[in-house]
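Taking it in order: structure first as C-alpha cells, then the write-up.
Numbering of ligands and ligand atoms starts at 1, following listing order. Both backbone and side-chain heavy atoms feed into the values below; hydrogens, waters and symmetry mates do not. Values in this document were obtained by computation on a predicted structure and should not be read as measured data.
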Amino acid sequence: MAAKLAVHQHGKSRVRLGRTWKEGSVHHFVEWKVQSMLESDMEHAFLTSSNKGMTATDTQKNTVYYIAKKCSSRCTAEEYAIELAKHFVSEYPLVSRAKVWVEQAPWKRVDVMDHPHNHGFTKDNAEIKTVYVSFAEGKGVESVTTGVQGLTVLKTTQSGYEGFLHDKYTMLKDTTDRIVATSITATWRYSGEPKDYDKAYEGAKTAMLQKFFGPPDKGVFSPSVQFTLFEMGKAAIQAVPEIESIYLNLPNLHFLPCTPVTSKFENDVYIATSEPHGNIEATITRGMAEPHAKL
Ligand SMILES: O=c1[nH]c(=O)c2[nH]c(=O)[nH]c2[nH]1
C-alpha cells in the first residue's frame with residue numbers, strides 16, 4: 001500500500017518560564033507556559049534516518065528562554081510570542097512557519113496595607129475557605145477549625161536561603177536573592193467563639209499576608225520558608241485572640257535561575273516549576289495550647 005507523508009510539524013510543549021522586569025524598586029512579573037510548533041522542510045526525518053538541518057525541540061525550548069531574556073523591557077504575551085515565532089522563521093531557512101501558544105498564569109500585584117506592593121503578587125481568586133466542626137451528643141460544639149487553601153503568593157525579591165548543610169549530595173547554591181512562591185494552606189482552631197467568624201478569617205489571612213510580603217515599598221527579608229512560616233503563624237495568633245493553634249503548610253514552588261545561551265543570570269529569567277517542590281509545615285500554638293491535628 002502506498003503511504004504518503006501528508007503534513008508534519010514538530011515543537012516543544014509546556015515550557016514554563018517566569019520573567020521579572022525591574023523598573024527601579026517596582027518589579028513586574030509574568031509566568032508563561034509556552035508551546036512552539038515548526039512547519040519545516042523536514043520530510044526526510046520522517047522518511048529516512050537523517051535528522052539533517054532539524055531545529056531540535058530541545059533547541060526550541062532553550063529559545064523560549066532566550067527570547068524571554070532578549071525582551072529586556074516589559075512586554076505582553078502577544079509581543080513575546082511574535083518575537084519568538086519571528087526568530088524561528090528568520091534563523092532557520094528550513095522553517096517556513098512557526099506557531100506559538102502562550103498561557104499566562106493569573107498573577108496580579110497584591111495590595112498590602114491598602115497599597116500596591118512593589119514586588120508582591122498573588123494568584124487571582126484562587127483561595128478556598130475551609131471549615132471543620134465537631135459536635136458531640138451531650139457536649140455540643142467540640143471544636144471549630146477554619147482555614148484557607150490555595151492562597152498562592154509570590155515575591156520577586158527579599159528572599160534568600162544560605163548557610164544550610166553542604167555535602168556531596170548538595171547541588172543548591174547559597175543565595176541572598178531569589179523568587180519565593182507558595183500556595184498557603186492553613187487551618188486554625190478556635191478556643192472560643194470570635195464575635196464574627198468572617199472578620200476573624202480576614203484578620204488571620206491579612207496578618208499572614210503582611211508577614212509574607214512586608215511593607216508595600218520595601219517588603220521584608222525572608223531567610224527561609226521555615227522562618228517566614230513561623231512569623232506568619234505567630235502573626236495570625238496575635239491578630240485573632242480566639243485562635244489557639246494554627247497549622248501551616250507552605251510548598252516551596254521553585255523558580256529556578258535560567259541562563260539561556262551563555263547569558264548571565266540577572267534575576268530576570270526563571271524556569272517555572274511546580275514539581276518537585278519543597279514542603280514546609282509546622283503547627284504554632286498560643287502558649288501551652290495543644291497543637292491540633294492536621295485536618
Ligand atoms: O526556604 C527554604 N527552605 C528549605 O528547607 C529549602 N530547601 C531547599 O532546597 N530550598 C529551600 N528553601
Cation-pi check for Phe212 against Lys155: NZ or CZ below 6.0 Å from the six-membered ring centre and within 45 degrees of the axis, yes or no? yes

Please tell me whether His117 and His119 form a close aromatic pair, meaning their ring centres lie under 6.0 Å apart. yes

For atom 5 (O) of ligand 1, grab the closest protein heavy atom and report residue, atom and distance to one decimal in Å. Gln226 NE2, 2.8 Å

So that I know where these two stand, are His166 and Phe164 an aromatic pair - ring centroids less than 6.0 Å apart? yes

Contact (N/O only, under 3.5 Å) between Asn252 and ligand 1: yes

Could you identify the single nearest non-hydrogen protein atom to atom 8 (C) of ligand 1 and state the distance to 0.1 Å? Tyr161 CE2, 3.6 Å

Can the ring centroids of Tyr190 and Tyr197 be said to lie less than 6.0 angstrom from one another? yes

Does ligand 1 have any atom sitting under 4.0 Å from a heavy atom of Arg178? yes

Ring centroid separation Phe255 to Phe29 under 6.0 Å: yes

Would you say Tyr80's side chain and Val64's backbone share a donor-acceptor pair under 3.5 angstrom? yes

Any N or O on Ser224 sitting closer than 3.5 Å to an N or O of ligand 1? no

Name the option, out of Asn279, Val180, Thr228, Val225, that contains the heavy atom nearest to atom 1 (O) of ligand 1. Val225

Suppose I only count heavy atoms of Leu172 and a 4.0 Å limit; which atoms of ligand 1 are within that range? 8 (C), 9 (O), 10 (N)

